[in-house]
Structure formats: C-alpha cells, structure tokens
Amino acid sequence: MRKNFNVLCIVFMLLISACNAGVGQPVVEETSAVVNVPIVEQVQAATNTPAVQHAMIPAELPELQSGLAGDQDSSSTADENRAPAGDRFTFGRYERPFNASEMDVYYPGIDIQAASVFEDDNWVYGTIAIKEDAASECSFNGRYGFEVDWNIDGGGDLLVLALTPSSTEWTTANVEVWFDENDDVGGALKNTSDEATSQDDGYESQIFGGGIGEDPDMAWVRISPTDSCTVQIALKQAALEGNMYLIGMWAGNDQLDPALFDHNDGVTHEQAGSPLKEFEFFYPLKEINELDNVCRMAVGFQPNGSEPGVCPVPSAPIQDTPPPPGQSCPPPSILYCSPNGCYCLSPQG
Ligand SMILES: [Ca+2]
Ligand SMILES: [Ca+2]
Ligand SMILES: [Ca+2]
Ligand SMILES: [Ca+2]
C-alpha cells in the first residue's frame with residue numbers, strides 16, 4: 001500500500017510538473033525514428049490533458065528476429081469447448097482463450113498464434129500474432145504484453161502490458177511497465193506451481209504508465225502497419241538489467257493482471273481448472289480463464305533447454321526437420337526458431 005501511495009505521488013508530481021513546464025501544445029505523435037528531437041504526445045487524463053515530452057520513439061523492427069515461437073491455435077477445437085494442447089498449469093503454460101465453466105465462448109483476440117522477439121541498440125520488441133475472428137478481422141480487444149526474466153531463474157522481473165491497442169502508430173497510451181521489486185513473482189518454486197497457494201503480491205510496482213514515469217519513453221505499442229493481426233510492443237533496452245534474458249509473451253482479459261503473477265501460485269490446479277478434456281479431474285476452465293501465453297525465448301545467449309520456462313531446444317543431432325519455406329508446421333507440432341534455424345517440434349508436455 002505504501003508503494004502504491006508513493007507511485008501515486010510520483011505520478012501526481014509528474015502531472016503537476018508537466019503542467020508547470022508549459023508543454024501544453026499537443027502535437028500528433030510521429031512514427032519516424034527521431035532520436036533526441038523532442039516530440040509531444042497528448043496523454044489522456046481524467047481532469048486535464050497534460051502532455052508528455054518524448055525524446056526517443058521506436059521505428060521499424062530489425063529484419064531478423066532474435067527468436068520466434070509458435071503457439072496452439074484453439075480455434076481448431078473451439079467448437080468442442082476445449083483447447084487442442086499447450087496448457088500445463090503446473091508449469092505456467094496456458095492455452096485458455098475461453099470463458100470459464102461452459103467454455104462456449106472462444107476469444108480469437110487473445111488466442112496467440114505466434115510470438116517473436118527482436119532487438120536493436122535501443123529497443124527490445126515483442127510481437128504477438130492473434131487469431132482472426134469470424135469476419136476475418138483481428139481485434140485487439142484484450143491485454144497484451146511480455147514478461148522478462150533477466151536472472152533466468154524462472155521468476156519474472158519486469159512485465160510490460162498494453163491495453164486494447166488500436167493504432168498503427170507508436171504510442172505510449174495505455175502501456176504499462178510493472179516491476180517485481182520484492183522479487184516474489186514465482187513464489188517458492190520458480191516457474192512451477194508452489195505446493196501451498198501463496199499470498200505473493202505479483203508485480204506490485206508500476207514504474208511506467210501512459211508516458212508517465214521516470215523515463216517517459218520506456219514502453220510503446222502499435223498494431224503492425226503491415227499485418228493487422230500482429231501487435232508490436234517496444235521496451236527500452238535501458239529498462240533491462242543486462243543483455244541476456246528470457247522473454248515470454250502473454251494475452252488475456254481481466255486475468256492478465258500484474259497482481260496475479262504467478263497465476264499458478266495463487267490458486268490450486270483444482271481451482272484454476274483446465275481447458276483439456278484429457279485432464280478430466282480439472283476440466284473445464286474455472287478461476288484461471290481467458291488467458292494465453294507462450295514459452296519463453298532466450299535472448300543474448302544460446303539456451304540448452306534446461307532454463308526454466310524456455311521454449312524447446314532441438315537436441316543435437318537435430319532430428320526435427322525445418323518446415324518448407326513459407327509453410328507452417330502440421331499440428332500438433334509447433335514452429336520454433338532460434339539462431340540455429342526453424343524447426344517443427346512437438347509441444348512440450
Ligand atoms: Ca498458449
Ligand atoms: Ca494460443
Ligand atoms: Ca511458483
Ligand atoms: Ca512482488
């Protein structure tokens with residue numbers, strides 16, 4: 001509570017200083033990369049519209065990704081009120097783009113199809129591709145983001161969240177960055193469910209919100225200008241500790257809440273439910289629902305597959321064959337790409 005109060009105070013002081021600084025001439029935010037040239041972004045506020053001065057705005061993503069991970073397409077089994085695979089509550093892997101209980105509402109807008117990570121000198125970019133709806137359109141009507149685990153212990157350290165992104169131009173509006181200052185995300189057993197449900201406070205410290213924070217340029221979002229089903233989220237490299245980390249993408253509705261991490265420590269498997277009918281003791285979804293995530297990709301180092309939560313790593317010699325160019329993998333195998341190439345791999349567990 002004290003922290004929340006402090007954060008509120010900081011936000012309030014920043015609002016006041018922004019007003020006093022006289023930066024009240026809103027200018028439409030530009031998408032081109034303009035480094036060190038102040039640009040003013042109008043920020044929605046309840047009582048007034050103070051403006052945020054930006055010095056750095058992300059530009060185009062690099063051509064080559066640092067990692068890519070496919071994810072299950074739950075539309076394939078939605079009419080059977082179940083997910084096809086890819087959900088292991090115990091290991092913090094979710095494939096739950098459905099409502100609780102009946103599981104008769106499927107949410108294509110939070111069903112991750114693939115995720116990738118890119119890096120340049122200034123930014124790390126996480127991208128999330130979702131499923132198109134019945135009208136063949138993609139609607140980002142949920143929450144989207146990524147977790148960064150920079151000491152590679154399985155417990156997330158930073159969470160970036162973008163709420164209902166709608167613009168193809170980079171914006172900080174509705175983008176939040178949360179920090180786990182007291183390092184309790186993951187509980188006693190990092191990356192797996194704790195034996196007893198814990199009272200962890202998850203990501204309790206908000207360090208950025210809509211351009212307000214110590215660094216007004218810390219995090220941005222846009223819908224890809226060339227792919228209306230992909231959202232791109234940029235985080236300043238300076239917000240990270242070190243240049244080796246695990247990054248994992250998320251999509252969800254209300255359950256994608258900073259305070260609920262790790263979801264599998266706050267409730268039991270019985271309470272959470274399962275989207276898989278083969279887990280008959282746990283099916284259907286209960287308290288943990290309308291949520292999807294992807295295995296974590298390694299950035300800045302070559303993973304050996306033992307890192308907590310990491311995506312499958314092809315064993316050597318590689319027996320899984322890469323898909324033909326331009327083709328995806330036959331279900332239930334999933335496409336994974338690392339600096340060693342792209343492969344169709346059976347989902348883990
Ligand atoms: Ca998933
Ligand atoms: Ca999915
Ligand atoms: Ca845990
Ligand atoms: Ca915490």
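Start at 1 and go down the list; that is how both ligands and their atoms are numbered. As the structure is a prediction and not an experimental result, all values here were calculated from the model. Only this structure's heavy atoms are used, side chains among them; waters, hydrogens and symmetry mates stay out.
A salt bridge links R296 with E147: the distance from a Lys NZ or Arg NE/NH1/NH2 to an Asp or Glu carboxylate oxygen falls below 4.0 Å.
Seen from the Ca ion (ligand 4), atom OD1 on N182 and atom OD1 on D184 lie at an angle near 90° (rounded to 10 degrees). Annotation: angle subtended at the Ca ion (ligand 4) by D180 OD1 and G202 O is 90°, to 10°. Considering the Ca ion (ligand 4) as centre, the angle to OD1 of D201 and to OE1 of E204 is 90° (10° rounding).
The atom of D292 that is an N, O or S and sits closest to the Ca ion (ligand 1) is OD1. Between the Ca ion (ligand 2) and the N, O or S atoms of D71, the shortest distance is to OD2. Distances from the Ca ion (ligand 1) to each N, O or S atom of E95 single out OE1 as the nearest. When the Ca ion (ligand 2) is compared with the N/O/S atoms of D111, atom OD1 turns out nearest.
With 3.0 Å as the limit, I112 counts as an N, O or S neighbour of the Ca ion (ligand 2). At a cut-off of 3.0 Å, Q72 is counted among the residues with an N, O or S atom near the Ca ion (ligand 2). None of the N, O or S atoms belonging to D73 lies under 3.0 Å away from the Ca ion (ligand 2).
Checked by atom type and distance alone, the side chain of D262 never pairs as donor or acceptor with a backbone atom of N264 at under 3.5 Å. In this structure, Q237 contributes its side chain and L235 its backbone to no donor-acceptor pair below 3.5 Å. Panel note: side chain D180, backbone V185; a donor-acceptor pair is recorded below 3.5 Å. Listed for the D265 side chain is a donor-acceptor partner under 3.5 Å among the backbone atoms of D194.
A side-chain hydrogen bond (donor to acceptor under 3.5 Å, both in side chains) with S74 is found for exactly one of E95, R82, K131, namely E95.
Between W220 and E169, the closest side-chain pair of non-hydrogen atoms is not below 4.5 Å.
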